[in-house]
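Convention: sequence-line order gives letters A, B, ...; per-chain numbering from 1.
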Amino acid sequence: MIRHSFQKKNIFIRLPFSADFLTLAMAFADKGARGFGYGDRETGGLVLAIEELFSFYERESTKGSTVEIEMEDQGYRLVLSLFFCLADPDMRAFNLTWNVNHDSQESLEMLGPMIAARTLSSLRLEFGADEKVILRLTRNREYSMAERVALPPSGNTSTLRLLNPSRDDLYHFASMAATYGSPFLPPFLARPEMAADMLESGHLNALLVAGDDWIMGGVLWKPLTDSCLELYGPYLFIDNPDDEAMTLLMDEAVKCISRSWFKGLVRRQGALAGHERFFDFLGEIQLSGKNDVNATYYYRQLKEESSGVVYCTGNLAIFLDEQYRRLCLPRQIRTASNLRLRNASVLAVELENARSLAVMRPLCAGKDLDTNIRAHLDLLHGQGIENFIVELDTGRSEDVAFADALEKNSFLPRLLIPDAGLGDLVIYDHCKLNAQS
Amino acid sequence: MNLDALIPDYVRNFQAYHPSRPDHILQLEYGVPFLNRLNNNENPLGPPPAAARVIAAFTPDRASLYPNGDSYDLRQALGDRIGIAPDRFLVGNGSCDVIASVIKAFCQLGDNIITADKTFAVYEWVAEFSGIEARLVPLLGYTFDPQAILDRIDDRTKIIFVCNPNNPTGSYWKRQVLVDFLEKAGNNLIVVVDEAYREYVEDPEYPDSIDLMKRFPNLVTFRTFSKMYALAGLRVGYLAGNDDVVEVVRQTSVAYSVNVQAQQAALAAISDDHEHIIATRTMVRMAKSFMLAICDNLALDTVSGEGNYMMIKVPINDMMMYRRLMKRGMMVRTMTGFRFPGWIRITLREKSVMELFAEALQKEIKSIQSTGRTW
Ligand SMILES: Cc1ncc(COP(=O)(O)O)c(C=O)c1O
C-alpha cells in the first residue's frame with residue numbers, strides 16, 4: 001500500500017497579520033528558500049509572490065489577527081502556505097478579479113494576486129472551517145531539460161521483467177521518455193532530475209519494464225485529488241504488438257495501488273488502444289497551446305463502493321443522468337431546491353502556467369455568478385491564459401448552483417470524474433475561447 | 001483536541017476496509033428489485049437442519065442473558081468431534097476475530113508476519129493496523145509458494161498465515177507440502193493454516209492439520225462456521241492449537257464475544273452436518289462444471305480449485321464489470337483489491353442462481369464483444 005511516511009522538511013512562523021511584518025514575511029521566504037538550497041530564480045519568485053499576497057490579504061484581515069506561514073521543502077518544489085482567519089471576510093477579495101477596473105487605483109491593486117500567481121508554479125486558495133483561509137503557493141525547483149539518450153534497438157525480443165526504479169533508473173527512464181517524445185510528456189518527465197526528486201520524496205510512484213540491459217518502458221502515478229490518483233503512461237520504447245509490456249505494467253501498477261486509500265485512478269493523456277481492459281472512457285477535452293492536444297480522460301474505480309445523491313436541475317441533471325447510466329454508476333439524482341444565494345460569489349483559480357491553463361473551482365455561490373465568471377474569463381484571457389476548465393463537485397450544493405451561469409458563459413459539461421471530490425467532479429470547458437484561439 | 005497527535009502513524013496510514021452498503025440501499029442505487037449475492041462465498045442452502053431448528057426456537061427472553069463467556073459447550077462438542085481437549089479451542093466472533101487475537105498475542109512493534117500477496121486480506125490488514133509489518137510473498141502460479149515464504153523468514157518473523165485452500169484461487173497444499181514446510185520453518189514461529197473452506201475439499205491428501213499438531217506444536221488452525229455451515233450472519237469461528245499456544249492467545253481475546261444463538265447454532269450444526277456437507281458439495285460441484293462450460297464458451301479464462309468460488313477473467317476492467325452486473329441484479333466480488341485486476345470472483349451456488357448469472361454474464365460479454373466498447 002502507498003505510504004506517505006517521508007519525513008516532512010518544514011519551517012514555520014507566526015506573525016501579526018499587518019503591514020509592519022511584511023518584510024519579516026519576505027525575509028522568511030527568502031532565507032527559507034535559500035536554506036533549503038533553492039537558487040535565485042525560485043527564491044525571487046516566491047519572495048515577489050509573498051510580497052504581493054501578504055499585502056493584498058493583510059488589508060482584508062481583522063486588526064490584531066495573526067498569520068501563520070509554513071514553508072515545506074518537498075525536494076522538487078517549495079510549498080509556502082499562509083494560514084489566516086477572517087472574522088467577517090469580504091469574500092469577493094478572494095476572487096482574482098474583484099472589481100478590476102484599470103482606471104482606478106484600488107482595482108489596480110487587485111492585480112496583486114494575478115502578478116503574484118505568474119511568478120509561481122501554481123497558486124491555490126482553500127477555505128477551511130471557522131473562517132480559516134489557506135493560500136498555497138508552490139514554486140518548482142529549476143531543472144534542466146532532458147538530454148538525448150539512446151533508445152532500445154527495434155526488434156528487441158528479450159524477456160520482459162518489472163523493475164522497481166531507483167532514483168538513477170527513473171532519471172534514465174525520464175531521459176528516454178523525453179528522447180522518445182510524446183505530446184503528453186508531463187513536466188517532470190521532460191526534466192529527469194525533477195522526476196528523480198519526486199520519486200525520492202514519495203510524491204511520485206513509478207514502475208518500469210526492462211529486458212536485457214534496456215529499460216523498455218514505464219508507468220507513473222501520483223495523487224490528483226485527495227481521493228484520486230493520476231496515471232501517466234504507460235510509455236513504451238519498443239514495439240510490443242501483443243501488449244505484453246503494457247499489460248505487465250498496468251496490472252502491476254493497479255496491484256500496487258489497489259489497497260491504497262484512493263478511490264479511483266484517472267488518466268488524462270491521449271487515447272489508449274485497448275483501454276477497456278484497464279479503464280472506463282470518461283471523455284475528451286481540447287487544450288490549446290503550443291501544440292494543441294486532446295486530453296482523453298480515462299478512469300478506473302479502485303474500490304467497489306461508489307454511491308451518492310446529487311441535487312441538481314436543468315442541463316446538468318440531464319448530463320449527469322446520461323453519464324451515470326453510461327458508466328453504470330449508482331447515483332440518485334434529485335431535484336435541487338433553490339439555493340438562497342449570497343450577494344457575492346467566489347471562485348478559486350488555480351493557474352498552471354506551463355499549460356496556459358486556469359482551473360476554476362467555485363467556493364461559494366452568489367447572485368453575481370454570471371458576471372463573476374465573465375470577469376474571470378476576461379481577466380485571465382487578458383493575461384494570456386488560453387485554457388479554462390471549471391470543476392464542479394457534485395457533493396457540494398454551492399458548486400452545483402454554478403451550473404446555469406457556466407452555461408450562459410459558454411462553458412459545457414464535458415465529462416465527470418467519479419468520486420474525485422466530495423462527490424464526483426464535473427469538468428466543464430469553455431468552448432468559445434477555445435474555438436477562437 | 002489535536003486528534004492527529006493521538007493517532008499512531010500505522011493507524012493513520014492504514015486504509016480501512018469499507019464493507020458494502022446493505023442490499024436494500026444497493027438495490028435502490030442500481031435500480032434493481034433484487035440482488036443475487038455471489039460476492040461473499042455464502043452457502044445458500046442455509047445451516048444444517050438441527051442448527052436451523054435451534055435458531056428458529058430462539059426466544060426473546062434468552063437475548064437478555066449474557067452468553068457463556070468462552071463458548072464452553074461448543075468447545076466440548078468440538079473436542080468430542082475432533083478428538084482433542086476442549087481447552088485447545090478458542091472460539092471467536094467469526095474467525096476474523098481470532099486472527100486479531102493471534103497477532104496481538106505474538107507480535108510487537110518491529111516484528112513481522114508473512115503471507116501471500118493474493119489471498120484473504122485480513123491477515124495483512126490486522127498486522128498493518130497493529131503496526132506489524134506484513135511481508136507479502138507472490139503466489140507461485142496460483143498457489144502459496146513454500147520456498148519463497150521460507151526465504152522471507154527472519155528473526156523477527158512471528159507468524160506465517162497460509163490460507164488453505166486459498167481464497168480466491170482455490171489452490172491448496174497437500175499434506176506432504178505442509179509437512180515439509182513445517183519442518184523447514186522450524187518452531188520459532190507460529191504457522192497458522194486458515195481452513196475456512198476445508199469442508200469443501202474432497203481430496204484425501206488434504207492435510208489433517210490438527211493431527212499434525214502432535215509433531216508441530218507451533219501449528220495453529222483456523223476454522224469457521226460462516227462458509228459450509230452457513231452461519232455467517234451469526235459470526236462464529238475458532239482456532240485450534242496446542243494447549244500452551246491457545247492459552248497465550250486466550251489472554252489477548254475478549255471473553256463473551258460470541259453470542260448465545262451463535263454458540264448454540266454452531267453446536268447443533270456440527271451434530272448434523274453429514275447430509276448437509278454432501279448436499280452442499282454436490283451443489284458446488286454442479287455449479288462449477290456449469291460455469292466452467294459457460295466461460296469456456298465465452299472464451300473467458302477461469303481459475304478454480306477447492307472452495308465454493310471461482311475466478312473469471314473478464315475482458316473489461318473488473319470494477320466496470322461489477323457495476324454492469326449489479327445493474328442486472330448480480331453482485332460479484334471484484335478482484336482488484338485481491339491484486340488480481342481484471343478478474344471477478346463468484347460464489348458457486350444453486351442452479352437457478354447460476355443460470356441467471358450465466359445469462360447476465362453472457363449478455364454483458366456479448367455486448368462488449370459486439371461493440372468492442374465498454375459504453
Ligand atoms: C480464507 C478466509 N478466512 C476467514 C474468513 C472469515 O470468516 P469469518 O466469517 O469466520 O470471520 C473468510 C471469509 O471470507 C475467508 O475467506
Side-chain angles (χ1 to χ4, degrees), chain A residues 1-7 162 202 227 247-265 267 273-283 298-310 321-333 415 418-419, chain B residues 9-10 12-22 25-32 39 117-118 121 124-125 128-129 134 136 138 313-328 331-344 364 368-369 371-375:
Chain A
M1 73 184 269
I2 294 175
R3 284 170 182 275
H4 296 272
S5 54
F6 45 88
Q7 204 62 41
L162 289 165
S227 58
T247 307
L248 257 177
L249 284 169
M250 283 302 302
D251 279 353
E252 193 61 26
V254 171
K255 276 181 225 163
C256 292
I257 57 188
S258 62
R259 289 194 192 165
S260 69
W261 55 75
F262 292 95
K263 292 185 189 163
L265 178 66
R267 182 182 186 274
H275 74 265
E276 293 88 353
R277 279 183 299 142
F278 312 111
F279 291 108
D280 312 331
F281 171 81
L282 294 179
Y298 295 113
Y299 171 76
R300 183 191 184 104
Q301 192 182 338
L302 293 173
K303 304 262 175 290
E304 274 173 17
E305 287 310 293
S306 172
S307 72
V309 176
V310 184
D321 184 53
E322 207 178 275
Q323 296 298 315
Y324 291 151
R325 269 176 212 279
R326 185 179 70 77
L327 294 166
C328 298
L329 282 167
R331 300 286 188 275
Q332 293 175 56
I333 300 177
L415 55 97
D419 291 315
Chain B
D9 275 352
Y10 53 83
R12 187 179 307 112
N13 291 332
F14 180 72
Q15 164 57 44
Y17 172 72
H18 291 289
S20 0
R21 288 179 304 283
I25 301 213
L26 292 171
Q27 282 166 23
L28 194 72
E29 289 179 345
Y30 283 93
V32 287
N39 62 329
D117 59 344
K118 297 168 178 173
E124 177 187 339
W125 284 337
E128 291 210 324
F129 68 58
L136 305 179
K313 183 146 176 52
V314 289
I316 58 173
N317 83 70
D318 48 324
M319 294 293 177
M320 177 58 121
M321 188 51 111
Y322 164 86
R323 303 197 304 269
R324 290 173 72 137
L325 289 168
M326 284 293 277
K327 289 248 166 196
R328 295 186 184 274
M331 188 171 186
V332 301
R333 176 65 76 221
T334 55
M335 289 285 99
T336 289
F338 277 77
R339 304 193 175 96
F340 274 114
W343 293 77
I344 57 169
E364 289 300 342
I368 293 162
Q369 284 166 347
T371 61
R373 299 185 143 202
T374 53
W375 65 93

- Name the one of Arg328(B), Arg323(B), Met326(B), Met319(B) that satisfies side chain to side chain contact (heavy atoms under 4.5 Å, CB included) with Cys328(A)? Arg323(B)

- For the atom pair CZ (Arg277(A)) and CG (Asp318(B)), what is the distance rounded to the nearest 0.5 Å? 13.0 Å

- Quick one: closest heavy-atom pair of Met320(B) and Asp280(A), and the distance? CB-OD1, 3.3 Å

- Item | chain A contact via Ala121(B) - which portion, at a heavy-atom distance below 4.5 Å | both

- Can you say whether Asp117(B) sits under 4.5 Å from chain A via the side chain, the backbone, both, or neither, judging by heavy atoms? backbone

- Task: Count the heavy atoms belonging to other residues, nucleotides or ligands that lie under 6.0 Å from CZ of Arg12(B), then report whether that count exceeds 12.
- Result: yes

- When rounded to the nearest 0.5 angstrom, what distance separates OH in Tyr322(B) from NZ in Lys303(A)? 13.0 Å

- Item | Side chain / backbone / both / neither for Leu28(B) at chain A, heavy atoms under 4.5 Å | side chain

- Query: From Glu29(B) CD over to Leu329(A) CG, what is the distance, rounded to the nearest 0.5 angstrom?
  - Reply: 10.5 Å

- Bottom line for Val332(B): the part with an atom under 4.5 Å from chain A's heavy atoms is backbone

- Side chains of Arg300(A) and Thr336(B): do they bring a donor and an acceptor to under 3.5 Å? yes

- Task: Determine whether Pro341(B) and Lys255(A) make a side-chain contact, defined as any pair of heavy atoms from C-beta on separated by less than 4.5 Å.
- Result: yes

- Hey, is the main chain of Thr334(B) close enough, under 3.5 Å, to the side chain of Glu304(A) for a donor-acceptor pair? yes

- Minimal non-hydrogen separation, Ser307(A) against Arg21(B), with atom names: CB-NH2, 3.0 Å

- Message: Within this structure, what is the OG-CZ distance for the pair Ser258(A) and Phe340(B), rounded to the nearest 0.5 Å?
- Response: 11.5 Å

- Query: Which region of Gln301(A), side chain (C-beta onward) or backbone (N, CA, C, O), has a non-hydrogen atom less than 4.5 Å from a non-hydrogen atom of chain B, or is it both or neither?
  - Reply: both

- Taking every non-hydrogen atom, the tightest pair across Phe278(A) and Asn317(B): O-CB, 3.6 Å

